[in-house]
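Read through the structure below, which is laid out as structure tokens, and then see the notes.
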Amino acid sequence: MQYSLEIQNVVNGALSELKQQHAAGKLADTPITNTHFLARWVTKSIKSQCFNSCVKDDLLRWQKASRSKGAGSDLLGIFERISELYQRLVPIGEEHVPILDVHIEAFMDHMESVGWEVVNEFELTEKTQIFADQPNSFVLCAKQCDDCFEGSDLVKPMSFFVRGNHTAFVLEASNNGFLVHKQTDYKSIVKYHGEYRIFPKNEGNKLAEIPFKFS
């Protein structure tokens with residue numbers, strides 16, 4: 001089962017059942033009642049094992065969050081944002097769009113235009129320190145820029161190394177058509193930089209970083 005499709009089956013299924021409960025007048029549309037419903041829905045899904053094991057960690061994490069934070073876990077908001085972003089970039093029932101080298105180049109240009117320092121001239125084969133003038137820097141491995149592509153298509157996972165405003169980076173990446181998957185906050189092969197990965201056709205094997213708002 002492809003993760004990017006199964007996670008949509010999860011959140012869309014939950015949102016659909018919640019909407020049905022509202023429409024039938026069986027459930028008040030309030031943060032507390034919505035969270036309680038979704039928390040119970042998640043627990044039932046775990047017990048029934050009705051979804052593929054690739055989403056098990058997500059379900060367990062949401063169950064834990066709902067128990068510890070209650071309405072503060074914002075399960076409804078999380079599910080809605082996942083549904084919207086995944087539907088936009090990896091829609092169910094449609095052929096997923098390949099990531100091309102021109103998309104990476106355009107993203108690099110865009111990040112420079114919004115004030116990020118972009119570095120892609122080094123092969124990152126060992127622990128490396130990049131000296132950047134800007135507070136926010138975005139680094140790619142020169143070798144990966146060649147090896148991760150067949151022709152113009154991305155065919156292997158590719159790493160983005162990020163220092164500075166990670167929240168802004170995830171938002172910019174999402175708005176530019178990439179699902180980015182965090183590997184580490186800052187302890188990566190590039191000193192002081194966190195690592196994110198993108199996957200061919202955005203078909204990653206775990207939940208991508210979901211910005212709070214995106215356009």
Side-chain angles (χ1 to χ4, degrees), residues 1-8 10-11 52-58 61 78 81-82 84-91 96-112 116-130 132 136-212 214:
M1 169 60 69
Q2 189 183 105
Y3 177 88
S4 60
L5 300 181
E6 188 71 339
I7 194 63
Q8 291 182 80
V10 171
V11 297
N52 187 273
S53 60
C54 66
V55 297
K56 180 180 178 181
D57 288 345
D58 300 298
R61 184 175 65 255
I78 291 170
R81 291 192 293 275
I82 293 171
E84 181 180 351
L85 186 59
Y86 272 73
Q87 171 59 28
R88 181 189 304 179
L89 299 183
V90 281
H96 297 164
V97 178
I99 293 176
L100 307 178
D101 53 1
V102 293
H103 298 150
I104 304 294
E105 292 168 5
F107 183 50
M108 293 166 61
D109 290 341
H110 170 75
M111 294 305 288
E112 284 189 329
W116 285 64
E117 184 152 348
V118 178
V119 180
N120 72 323
E121 58 263 39
F122 304 109
E123 288 192 14
L124 305 175
T125 56
E126 58 185 8
K127 191 74 172 182
T128 304
Q129 183 169 358
I130 301 293
N136 300 311
S137 54
F138 167 35
V139 179
L140 297 92
C141 173
K143 183 174 175 60
Q144 281 196 355
C145 287
D146 291 328
D147 293 351
C148 290
F149 293 86
E150 283 186 4
S152 61
D153 288 19
L154 183 74
V155 294
K156 298 178 182 177
M158 184 177 188
S159 295
F160 289 170
F161 300 97
V162 178
R163 177 180 63 87
N165 192 335
H166 287 237
T167 300
F169 182 84
V170 169
L171 176 60
E172 295 291 351
S174 301
N175 287 341
N176 282 271
F178 302 107
L179 292 176
V180 292
H181 301 76
K182 182 188 291 185
Q183 307 302 307
T184 174
D185 284 317
Y186 65 92
K187 291 183 178 180
S188 71
I189 195 172
V190 183
K191 198 170 183 180
Y192 306 127
H193 287 65
E195 180 182 1
Y196 297 83
R197 285 181 189 159
I198 59 170
F199 290 78
K201 296 185 178 181
N202 278 318
E203 295 173 352
N205 57 7
K206 67 176 185 177
L207 186 63
E209 296 297 298
I210 308 296
F212 191 76
F214 41 88

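What's counted below: heavy atoms across the whole structure, side chains too, no hydrogens, waters or symmetry copies.
- The list of salt bridge (charged side-chain N to carboxylate O under 4.0 Å, His left out) pairs with a residue in residues 172-182, not counting sequence neighbours, reads K182-D185.
- Put simply, the side chain of L140 reaches to within 4.5 Å of the side chain of I104, judged on heavy atoms.
- Under the 3.5 Å distance criterion, with hydrogens and angles disregarded, a donor-acceptor pair is assigned to the side chains of Q2 and S4.
- Taking the six-membered ring for Trp and thresholds of 30 and 60 degrees, Y196 and H166 have ring planes inclined between 30 and 60 degrees apart.
- A donor-acceptor pair is defined here as one N or O able to donate and one able to accept, closer than 3.5 Å; such a pair exists between the side chain of N202 and the backbone of G177.
- Counting only residues at least two apart or on different chains, the salt bridge (charged side-chain N to carboxylate O under 4.0 Å, His left out) pairs with a member in residues 144-156 are K143-D147.
- Under the 4.5 Å side-chain criterion, counting only non-hydrogen atoms from C-beta, L179 is in contact with L85.
- Atom OH of Y192 has 12 or fewer neighbouring heavy atoms from other residues, nucleotides or ligands inside a 6.0 Å radius.
- For the side chain to side chain contact (heavy atoms under 4.5 Å, CB included) with E209, the lone residue among V170, L171, T167 that qualifies is V170.
- Between W116 and F169, the angle of the ring planes lies from 30° to 60°, which puts this pair in the tilted group.
- A 4.5 Å side-chain heavy-atom check between M158 and C145 finds at least one atom pair inside the cut-off.
- Within 6.0 Å of CG on N165 lie more than 12 heavy atoms contributed by other residues, nucleotides or ligands.
- Within the 4.5 Å cutoff, no side-chain heavy atoms of I99 are placed close to those of F199.
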